[in-house]
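Have a look at the structure below before the remarks.
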Amino acid sequence: MSETIAVFPAPRPQIRQVPLDRPWVWLAAGWRDILAAPGISLTYGLMLVAVSWLAIALFLWLDFPYLVLPLSAGFFFVGPFIAVGLYEVSRRLEAGLVVDGETTLFAWRRNPGQIALMGALLLFFHLGWMRTAQLLFAIFEWRTVPSWDRFMDLVWTSSRSLPFLALGVGAGAVLAAIAFAIGAFSIPYLLDRRNSNMFEAIATSVAAVRINLRPMLLWAALIVFLVVLGMVPGMIGLVITLPLVAHATWHAYRDVVHFEERGRD
């Protein structure tokens, strides 16, 4: 049997320990949510992909190609915030409520101040990663801004590509690990508990990751795999993989975080 460990005094959240293979159950539940609300879920994913295309086109037009990859990594940093509407879809499906475009787009209104603060914190990590990428290019290009040709040469053919990629991946991994720990369940928590605050949500998320380290490592690996897989065909695959990850994240939260008195509304 699974063991429940108290994190805060009752009726504060409690963390359930789950088996290693539990992320597959979350993905299956997420897929069922897509099938239950395909129009809302896939439209949401398409909107996110369209915004990403516009941002990438803008960077290329401004001749900042070295920011394209760090921008793409934004899905791992701010993904929990931009997926808040999809969490609301899963929440309403679970509660037997009507799912529509308005409630999806304005889901943040359930706890606007705290969700905004959490989003700002995750954005801070993403901006930190982009700034780190700029510094790495400054180091390896002797403070020159690379054109697209120079960028591809540096990354794939230059003798400096290996240390560049090693430092970039290492720095990104550290920032991503911290962002994952604090953001894994924070936004679903704030959406679910309308009177909660960001600090309580972060503490709950970090505790949930720490107590379920092995399944959460698998879950993080699955997120990376699905997002990268969605990016391969010109990012169009994200139309499906982003909603899948978002819906599954809601079910992960509901599976791991429990309350003695749920008092949900």
Side-chain angles (χ1 to χ4, degrees), residues 23 25-55 72 74-123 126 179-180 183-198 201 204-205 219 222-223 226-227 229-231 235-257 262-265:
V25 176
W26 305 336
L27 283 176
W31 182 249
R32 288 194 296 270
D33 284 354
I34 291 180
L35 296 179
I40 295 292
S41 298
L42 298 182
T43 299
Y44 200 100
L46 182 60
M47 290 171 58
L48 295 177
V49 170
V51 171
S52 300
W53 282 342
L54 289 174
S72 301
F75 289 111
F76 303 110
F77 291 100
V78 300
F81 175 70
I82 62 178
V84 62
L86 293 169
Y87 301 151
E88 177 66 3
V89 171
S90 291
R91 188 191 74 84
R92 296 182 73 86
L93 287 173
E94 178 185 315
L97 301 174
V98 175
V99 176
D100 55 39
E102 182 179 357
T103 56
T104 301
L105 290 176
F106 296 101
W108 52 270
R109 289 180 174 176
R110 285 182 54 82
N111 196 347
Q114 297 303 312
I115 289 177
L117 284 174
M118 191 65 214
L121 179 61
L122 294 174
L123 180 61
H126 185 209
F180 178 75
F185 298 122
S186 296
I187 301 293
Y189 184 97
L190 294 171
L191 187 70
D192 185 34
R193 309 294 289 187
R194 300 183 67 173
N195 296 322
S196 60
N197 61 70
M198 181 184 72
T204 301
S205 182
W219 179 230
L222 287 172
I223 291 174
L226 288 170
V227 172
L229 181 66
M231 288 181 177
M235 289 196 172
I236 195 64
L238 294 175
V239 173
I240 296 176
T241 59
L242 283 181
L244 176 60
V245 169
H247 290 312
T249 297
W250 172 263
H251 291 285
Y253 158 75
R254 293 286 283 119
D255 193 26
V256 172
V257 181
R262 280 208 62 84
R264 296 171 62 244
D265 51 2

Exercise answer: donor-acceptor pairs, residues 26-35 side-chain atoms, under 3.5 Å, sequence neighbours excluded:
unit_1 : atom_1 : unit_2 : atom_2 : d
Trp26  : NE1    : Asp255 : OD2    : 3.0
Asp33  : OD2    : Ser90  : OG     : 2.7
Asp33  : OD2    : His251 : NE2    : 2.6

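- Remark: side-chain polar atoms of Arg92 are not paired, donor with acceptor, to backbone N or O of Leu97 under 3.5 angstrom.
- Remark: Thr103 engages Asp100 in a side chain to side chain donor-acceptor pair (under 3.5 Å) (not counting sequence neighbours).
- Atom CG of Leu242 sits about 9.5 Å away from atom CE of Met235, to the nearest 0.5 Å.
- Looking at Val89 and Trp250, their side chains never come closer than 4.5 Å, going by heavy atoms from C-beta outward.
- In this structure Asn197 satisfies the side chain to side chain donor-acceptor pair (under 3.5 Å) test with no other residue, sequence neighbours excluded.
- The minimum heavy-atom distance linking Phe180 with Trp219 is given by the pair CZ-CD1, 4.1 Å.
- Between Ile240 and Leu42, the closest side-chain pair of non-hydrogen atoms falls below 4.5 Å.
- Remark: Ser41 pairs with His247 by the side chain to side chain donor-acceptor pair (under 3.5 Å) rule, at least two apart or across chains.
- The shortest non-hydrogen separation linking Tyr44 to Gly85 is OH-N, 3.3 Å.
- The line from CG of Leu86 to CD1 of Ile40 is 9.5 Å long, rounded to the nearest 0.5 Å.
- Arg194 places a side-chain N or O within donor-acceptor distance of the main-chain N or O of Arg110, the cut-off being under 3.5 Å.
- In terms of heavy atoms, Gln114 sits closest to Ser196 at CG-O, 3.4 Å.
- A distance of 11.0 Å separates CD1 of Ile82 from CG of Leu123, quoted to the nearest 0.5 Å.
- Atom CD of Glu88 is separated from atom CG of Asp192 by 10.0 Å, given to the nearest 0.5 angstrom.
- Heavy atoms only, all atoms of each residue included: Val99 and Ala37 are closest at CG1-CB, 4.4 Å.
- Listed here is the closest heavy atom pair of Pro188 and Thr249: CG-CG2, 4.2 Å.
- Checking side-chain atoms of Asn111 against main-chain N and O of Leu190 turns up a donor-acceptor pair under 3.5 Å.
- How far OG of Ser186 is from CG of Leu121: 8.5 Å, rounded to the nearest 0.5 Å.
- A salt bridge does not link Glu94 to Arg91: none of the charged nitrogens lies less than 4.0 Å from a carboxylate oxygen.
- Residues satisfying the side-chain contact (heavy atoms from CB on, under 4.5 Å) test with Leu229, not counting sequence neighbours, are Phe225.
- Judged as a ring pair (Phe, Tyr, Trp, His ring centres under 6.0 Å), not a single pair has a partner in residues 85-111 (not counting sequence neighbours).
- Counting heavy atoms from C-beta outward, Val227 and Met231 have side chains that approach closer than 4.5 Å.
- Closest non-hydrogen pair, Leu222 versus Pro23, comes out as CD1-CB, 3.8 Å.
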